[in-house]
Amino acid sequence: RPSNAKSTTQPKQGGRGLQFTMVLTSNAKLQEKLDQLVALATAGDKDAFVRAFVPLDLTEDELKGYLDLLKTDDSEWENLKAEIQAIAEGRGVQRIAGDQVQHAVFHFVHPMMAQCDREVGFDCVNDEWRAQG
């Protein structure tokens with residue numbers, strides 16, 4: 001893991017001695033973006049969430065297509081919400097690749113799917129953190 005990532009080991013909810021790793025980004029602006037995305041997702045504001053999440057180089061048609069997918073596929077939306085919340089909280093994050101200045105890729109265990117390792121990447125473009133395309 002990069003030396004600038006904050007890592008702790010916490011007991012899993014319920015005790016039982018099981019352990020999981022929590023890794024949070026050390027970049028305050030990226031953490032702010034993640035927290036904003038969690039707030040939009042929690043509020044159910046799919047339009048604002050998508051506009052804040054997708055890469056800046058997406059066309060309006062591509063953006064609308066992705067938004068339509070999230071509006072019609074509840075499982076896709078619920079999985080995305082869970083993933084963003086998990087990485088914002090560092091829950092299940094095993095490591096963060098990249099410099100966390102221009103690039104960050106979160107490697108984590110999916111919070112809703114057993115034995116499903118995931119990666120979600122973000123790039124900082126013009127001082128704006130967005131999902132990788």
Side-chain angles (χ1 to χ4, degrees):
R1 100 182 166 260
S3 60
N4 58 349
K6 300 176 208 164
S7 177
T8 60
T9 302
Q10 301 284 331
K12 259 190 177 175
Q13 200 156 11
R16 292 202 173 98
L18 298 173
Q19 300 286 309
F20 68 97
T21 302
M22 290 181 61
V23 180
L24 296 168
T25 181
S26 59
N27 185 301
K29 288 192 94 113
L30 176 54
Q31 187 63 52
E32 187 177 296
K33 170 58 87 169
L34 295 170
D35 293 341
Q36 174 197 26
L37 292 171
V38 168
L40 292 170
T42 301
D45 192 343
K46 294 177 185 177
D47 293 273
F49 178 92
V50 167
R51 292 196 179 276
F53 177 68
V54 299
L56 292 172
D57 63 354
L58 230 58
T59 67
E60 191 64 23
D61 285 343
E62 291 169 324
L63 186 144
K64 286 180 181 177
Y66 186 58
L67 183 56
D68 287 344
L69 170 70
L70 295 178
K71 286 182 174 181
T72 58
D73 187 340
D74 288 337
S75 65
E76 186 76 23
W77 172 241
E78 292 303 320
N79 281 321
L80 180 58
K81 282 177 23 179
E83 288 181 353
I84 295 299
Q85 183 154 9
I87 63 175
E89 295 172 358
R91 193 170 18 98
V93 176
Q94 298 156 333
R95 68 185 176 95
I96 304 171
D99 60 13
Q100 297 186 61
V101 175
Q102 295 296 316
H103 309 284
V105 179
F106 294 82
H107 297 262
F108 63 102
V109 177
H110 194 285
M112 295 171 56
M113 296 179 190
Q115 300 178 7
C116 179
D117 292 335
R118 293 280 295 137
E119 293 179 14
V120 174
F122 290 86
D123 291 324
C124 188
V125 178
N126 299 326
D127 207 32
E128 175 73 24
W129 282 97
R130 295 301 184 107
Q132 291 178 342

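If you're wondering where the values come from, they're calculated on a predicted model, not measured in any experiment.
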Identify the heavy atoms of Met112 and Ala82 that sit nearest to each other, and give their distance. SD-CB, 3.3 Å

From Thr42 OG1 over to Asp35 CG, what is the distance, rounded to the nearest 0.5 angstrom? 10.5 Å

Val38-Val109 co-clustered via ILVMFWY side chain contacts under 4.5 Å: no

Residues Pro55 and Ala131: closest non-hydrogen pair is CG-O, 3.1 Å

Are Val54 and Leu67 in one and the same hydrophobic cluster, where Ile, Leu, Val, Met, Phe, Trp and Tyr link if side-chain heavy atoms are under 4.5 Å apart? yes

Asp117 side chain near His107 side chain, heavy-atom distance below 4.5 Å: no

Testing Tyr66, Trp77, Phe53 for side chain to side chain contact (heavy atoms under 4.5 Å, CB included) with Lys46, which one passes? Trp77

Closer than 3.5 angstrom, by distance alone: can the side chain of Asp45 be matched with the main-chain N or O of Phe49 as a donor-acceptor pair? no

What about Val50 and Leu69, same hydrophobic cluster or not, with Ile/Leu/Val/Met/Phe/Trp/Tyr joined at side-chain heavy-atom distances under 4.5 Å? yes

What's the shortest heavy-atom distance between Val93 and Ala86, and which atoms? CG2-O, 4.2 Å

Using the rule that two of Ile, Leu, Val, Met, Phe, Trp, Tyr join whenever any of their side-chain heavy atoms come within less than 4.5 Å, decide whether Leu70 and Leu63 are in one cluster. yes

Go through it in stages, so that I can follow the logic: the residues are Asp57 and Arg130, the test is salt bridge (charged side-chain N to carboxylate O under 4.0 Å, His left out), and I'd like the CA-CA distance, side-chain angles, deciding distance and then a yes or no. CA-CA 10 Å; Asp57 63 354; Arg130 295 301 184 107; over 6 Å; no

Determine whether Pro111 and Gln85 make a side-chain contact, defined as any pair of heavy atoms from C-beta on separated by less than 4.5 Å. no

Between the main-chain N or O of Val101 and the side-chain N or O of Asp99, is there a donor-acceptor pair closer than 3.5 Å? yes

Roughly how far, to the nearest 0.5 Å, is CG of Leu30 from CD1 of Ile87? 7.5 Å

If you measure from CD on Glu119 to CD on Gln132, what distance do you get to the nearest 0.5 Å? 9.0 Å

Taking the side chain as every heavy atom from C-beta outward, state whether Leu34 and Trp129 have any atom pair closer than 4.5 Å. no

Is there a side-chain contact between Leu37 and Lys33, using heavy atoms and a 4.5 Å cut-off? yes

Take Lys29 and Glu32 through the salt bridge (charged side-chain N to carboxylate O under 4.0 Å, His left out) test and state the conclusion after the steps. CA-CA 5 Å; Lys29 288 192 94 113; Glu32 187 177 296; 5.6 Å; no

For a quick test of reading the model, state the closest non-hydrogen atom pair linking Leu24 to Gln31 and the distance between them. CD2-OE1, 4.3 Å

Under the criterion side-chain contact (heavy atoms from CB on, under 4.5 Å), I'd like the reasoning laid out for Phe108 against Val120: C-alpha separation, chi angles, the key distance, then a yes or no. CA-CA 8 Å; Phe108 63 102; Val120 174; 3.6 Å; yes

Do Asp47 and Lys71 have side-chain heavy atoms sitting under 4.5 Å apart? yes

Do Asn79 and Glu83 meet the criterion of a side-chain donor-acceptor pair at a distance under 3.5 Å? no

